[in-house]
Amino acid sequence: MASAHANEPVVQEDKYRSHMYGEGEKNTKWRFGAPPNYDSVNKLFEEGRTQEWPKGSLEERVQNLVKTWEMELVHKVDPADYKTVNATNFTISINGGKPVPLEEIGRIGSYNLFLKTPLPQKLRVYDPSLETNQSSTQAFVTTFPRGFAVEILQVYSGPPVIAYKFRHWSFMEGPFKGHAPTGELVEFHGIGIFHMDELMRVKRVEFFYDGNELLASLIKGPSTDGSDASTKASGGCPFFHKLTQA
């Protein structure tokens, strides 16, 4: 049998995410110069998921859509390269807050968007107003070196309005804002609603969740810088109140 030519491209794929490799992505502009590698978080996902949906089921298709959508928003620089997103009209809202357009998401970063809070600064465990897109990403990559896995627990309705329950989780294996890693499981749950257009692209997203479920787990470890964020965590959960959007 003839061997493959050395200069033939290696066919790559991610079993849970589309639109990363192949002819359709040969001109894609990637934020870090190349398609992301999800091997580590995929392993985390497969070891920690509570559901394994049948191939081709609505639940599996929604789960793969959520993972692909997230990948495109985080890693593709040019909205023209998005395949799962209606980049012209796309907005996202958190816990009933003001819809945020695509360009604003790119400016502030997804972590800062998801963790916005009306609490006074002195009570904030994590303060999005003091973080950039880059610094927020680095903070969570440091805390979760294996990535932050997501699974779909239940799908309540199919397209054109997809409503689902999700679970996000990882292990705190790195420090977070002056708190030592605990090595413990960190997770939170919520509801996502994807509004699809006629081409089955996501045009509007709504998320509902308790951000404090995540943040409270990240300040359990002992302080490494002399600060004490535990008093901030007792300030109650602001995340189901209407968020104040800039």
Angle between ring planes, Tyr209 versus Phe188, binned at 30° and 60°: parallel, tilted or perpendicular? tilted
When rounded to the nearest 0.5 angstrom, what distance separates CD1 in Ile92 from CD in Glu206? 10.0 Å
Examine distances only and state if a side-chain atom of Ser93 and a backbone atom of Gly96 form a donor-acceptor pair shorter than 3.5 Å. no
Treating Glu72 as the side-chain partner and Lys83 as the backbone partner, does any N or O pair qualify as donor plus acceptor under 3.5 Å? yes
I need the Arg124 CZ to Leu215 CG distance, nearest 0.5 Å. 12.0 Å
Looking just at side-chain N and O atoms, do Glu46 and Tyr16 make a donor-acceptor pair shorter than 3.5 Å? yes
Kindly confirm or rule out a cation-pi arrangement of Arg17 over Tyr38, judged by NZ or CZ under 6.0 Å from the six-membered ring centre and within 45° of its axis? yes
Counting C-beta onward and ignoring hydrogens, is there a side-chain heavy-atom pair between Glu60 and Leu58 closer than 4.5 Å? no
So that I can tick it off, tell me whether Arg167 and Glu151 are bridged by a salt bridge, with the cut-off set at under 4.0 angstrom between side-chain N and carboxylate O. yes
Is any side-chain heavy atom of Gln134 closer than 4.5 Å to a side-chain heavy atom of Thr137? no
Quick one: are Trp69 and Val85 in side-chain contact, heavy atoms under 4.5 Å? yes
What I'd like to find out is whether the side chain of Gln121 reaches to under 4.5 Å of the side chain of Leu130, using heavy atoms alone. yes
If you look at every heavy atom in Arg31 and Val74, which pair is closest and at what distance? NE-O, 2.7 Å
Which atom names give the shortest non-hydrogen contact between Met71 and Pro36, and what distance separates them? CG-CG, 4.0 Å
Going from CG on Leu153 to NZ on Lys165, what distance comes out if it is rounded to the nearest 0.5 angstrom? 6.0 Å
Would you please test Phe114 and Ile94 for side-chain contact (heavy atoms from CB on, under 4.5 Å) and show each step? CA-CA 7 Å; Phe114 295 155; Ile94 308 298; 3.4 Å; yes
For Phe176, run the ring pair (Phe, Tyr, Trp, His ring centres under 6.0 Å) check against Tyr111, Phe144, Phe140 and tell me which one passes. Phe140
Looking only at heavy atoms, which two atoms of Leu44 and Gly147 are closest? And how far apart? CD2-O, 3.6 Å
Between CG of Leu113 and CD1 of Ile105, what distance do you get to the nearest 0.5 Å? 6.0 Å
The reported gap from CG in Asn95 to NZ in Lys116 (rounded to nearest 0.5 angstrom) is 13.0 Å
Which distance, rounded to the nearest 0.5 Å, do you find between the CE of Met172 and the OG1 of Thr182? 5.5 Å
Could you walk me through whether Asn112 and Tyr126 pass the side-chain hydrogen bond (donor to acceptor under 3.5 Å, both in side chains) test, one step at a time? CA-CA 9 Å; Asn112 290 330; Tyr126 174 87; 2.7 Å; yes
Please tell me whether Glu213 and His189 have a donor and an acceptor in their side chains that are separated by less than 3.5 angstrom. yes
Does some side-chain heavy atom of Phe148 sit less than 4.5 Å from a side-chain heavy atom of His168? yes
I want to check something: taking the side chain as every heavy atom from C-beta on, are Lys29 and Asp81 in contact at a cut-off of under 4.5 Å? yes
Heavy-atom side-chain proximity of Leu218 to Val186 below 4.5 angstrom: yes
Validation row: Val77, Trp30 side chains within 4.5 angstrom (heavy atoms): no
Assess Lys67 against Phe45: is NZ or CZ under 6.0 Å from the centre of the six-membered ring, and within 45 degrees of the ring's axis? yes
